[in-house]
Amino acid sequence: IPNGLAAVSKIPALGWAQMVAYAGYCELSSPRTRAANTEDYSNITPGDYGFKVLTSSDPQELTKKLNAEIANGRLAMMALIGMLFQDGL
């Protein structure tokens, strides 16, 4: 079995059909459990879990934290590009 993205070509068509059918089932089936019920969360903003990680009363500290987060995101993007380059894309 090849590594990386080369392994994608080795998946049979029936396997892809199974994955697409299951994803479609998950997307189209209505929520039947309390955990999947979105009515409980209708008045909450997305991503609001009741605590803030990147907050500070000091504006300079907040700017420092936000800049560190942006730098980490850029580093992650470069790492992904390096992985794709190593696979030969």
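Source: prediction; values computed, not measured.
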* Structure fact -> When rounded to the nearest 0.5 Å, the distance separating CE of Met77 from CG of Asn72 is 11.0 Å
* Considering only heavy atoms from C-beta outward, does the side chain of Phe85 approach that of Leu80 to under 4.5 Å? -> no
* Asked: Residues in side-chain contact (heavy atoms from CB on, under 4.5 Å) with Met83, at least two apart?
  -> none
Please table the atom pairs, donor to acceptor, closer than 3.5 Å between any side-chain atom in residues 57-66 and protein atoms at least two apart or in another chain.
unit_1, atom_1, unit_2, atom_2, d
Thr63, OG1, Pro59, O, 2.9
Lys65, NZ, Thr55, O, 3.2

* Structure fact -> Shortest non-hydrogen pair, Ala7 vs Pro2, comes out as CB-O, 3.3 Å
* Ile81: hydrophobic cluster co-members (side-chain, 4.5 Å) -> Met78
